[in-house]
Amino acid sequence: MSPEENFTGLSEADPTTDDVVLGIAVGINAAGQELLLQTLPPVGVVRASASAPLRTILDQVFDEVAGRRTGSAFAIRQYGQLLFLAVLRAYLDQMEAPPGWLRVLTDERLRPAVALMHNEPAAPWGLEELARSAAMSRSTFARHFRASAGMPPLTYLSRYRMLLAQRALRQNGTRIGALAADLGYASEAAFSNAFKRETGESPLRYRHRVRNEPYGRRRPTPA
């Protein structure tokens with residue numbers, strides 16, 4: 001979010017009595033966008049009165065936009081990101097997220113197992129070890145994880161590895177073979193096959209495509 005040049009529209013506004021509309025656009029890469037779209041509806045309503053941090057950040061954003069002080073553009077961009085996070089947290093606090101990434105990340109019982117997979121995604125985690133970390137039996141853990149994540153634990157791990165792979169391919173020039181090893185695959189071919197199953201294209205093709213697309217542009221969905 002950046003203030004318009006010579007913007008003075010809020011300089012005389014009073015947030016306690018006036019209706020004020022603030023618009024924020026958040027750029028999210030394709031992988032992150034997919035995660036959010038799986039969980040969030042097109043429109044959600046969150047009341048600032050239900051969240052003290054959200055109310056505070058809204059006031060700070062308003063003050064920066066209206067005050068036009070030195071460094072306000074930088075401050076607004078930072079507060080914009082914090083505002084997005086605060087809205088997301090407040091929304092999740094007022095409803096039960098459907099099975100998916102956000103729900104499993106907020107599940108206290110599964111947190112130890114999810115932390116293992118996130119902290120060491122290349123490790124050969126098995127169902128027994130993950131269940132033990134969550135202090136559950138294998139069957140209870142598998143059932144609870146699927147209900148929360150919408151997928152089995154090892155499928156979640158595989159998809160998380162693919163998200164890390166997509167980020168690496170977008171951001172740096174890591175060799176495919178080295179990336180495969182970093183993510184726990186026995187060979188470049190095994191990694192490439194897994195990546196293509198998940199994304200529909202090879203790692204090299206994916207890297208070439210995303211680096212030649214404008215940021216935030218989504219790949220067309222095949223008919």
Subject >> Of all pairs that satisfy ring-ring contact (aromatic ring centres under 6.0 Å, His included), the ones with a partner from residues 149-169, not counting sequence neighbours >> reply: Trp101-Tyr156, His118-Tyr156, His118-Tyr160, Phe145-Tyr156
**OP:** Supply the atom-to-atom distance Leu204 CG to Ile176 CD1, rounded to the nearest 0.5 angstrom.
**Re:** 4.5 Å
Original post:
Backbone N or O of Pro153 within a donor-acceptor pair of the Trp125 side chain at under 3.5 Å?
Top reply: no
Original post:
Residues two or more places apart in sequence or in another chain: which of them pass side-chain hydrogen bond (donor to acceptor under 3.5 Å, both in side chains) with Thr155?
Top reply: none
**OP:** Look up atom CD1 in Ile57 and atom CZ in Phe84, then write down how far apart they are to the nearest 0.5 Å.
**Re:** 12.5 Å
**OP:** Starting at CZ of Arg205, measure out to CG of Leu169 and round the result to the nearest 0.5 Å.
**Re:** 14.0 Å
Original post:
Of the non-hydrogen atoms in Arg207 and Thr174, which two are nearest, and what is the gap between them?
Top reply: NH2-O, 2.7 Å
**OP:** State, to 0.1 Å, how close Arg211 and Arg170 come at their nearest heavy-atom pair, and which atoms those are.
**Re:** NE-O, 3.6 Å
**OP:** Indicate yes or no: at least one non-hydrogen side-chain atom of Met136 is less than 4.5 angstrom from one of His144.
**Re:** yes
**OP:** Hey, could you give me the CG/CG distance between Leu83 and Leu88, rounded to the nearest 0.5 Å?
**Re:** 11.0 Å
Subject >> Presence of salt bridge, Asp107 and Arg103, under 4.0 angstrom >> reply: no
Original post:
Partners of Ala142 by side chain to side chain contact (heavy atoms under 4.5 Å, CB included), sequence neighbours excluded?
Top reply: Leu127
**OP:** Any chance you could measure Glu128, atom CD, to Ser137, atom OG, to the nearest 0.5 Å?
**Re:** 9.0 Å
Original post:
What distance separates Leu82 CG from Thr56 OG1, expressed to the nearest 0.5 Å?
Top reply: 11.5 Å
Original post:
Who pairs with Arg111 by salt bridge (Lys or Arg N to Asp or Glu O under 4.0 Å), at least two apart in sequence or on another chain?
Top reply: Glu108
Subject >> Derivation of the side chain to side chain contact (heavy atoms under 4.5 Å, CB included) call for Arg146 and Met151 >> reply: CA-CA 5 Å; Arg146 181 187 282 272; Met151 66 188 80; over 6 Å; no
Original post:
Do Arg167 and Leu164 pass the side chain to side chain contact (heavy atoms under 4.5 Å, CB included) test, and can you show the C-alpha distance, the side-chain angles, and the key distance before you say yes or no?
Top reply: CA-CA 5 Å; Arg167 183 175 66 183; Leu164 295 178; 3.5 Å; yes
Residues 180-197, side-chain donor-acceptor partners within the protein, below 3.5 Å, at least two apart:
| unit_1 | atom_1 | unit_2 | atom_2 | d |
| --- | --- | --- | --- | --- |
| Ser187 | OG | Ala190 | N | 3.1 |
| Ser192 | OG | Glu188 | O | 3.0 |
| Asn193 | ND2 | Ala189 | O | 3.2 |

**OP:** Kindly indicate whether the side chain of Gln166, heavy atoms from C-beta on, has any atom under 4.5 Å from the side chain of Thr199.
**Re:** yes
Subject >> Sidechain-backbone polar pair: Ser158 side chain, Leu154 backbone, donor-acceptor under 3.5 Å >> reply: no
**OP:** Would you please name every residue forming a side chain to side chain contact (heavy atoms under 4.5 Å, CB included) with Asp18, sequence neighbours left out?
**Re:** Ala13, Asp14, Val20
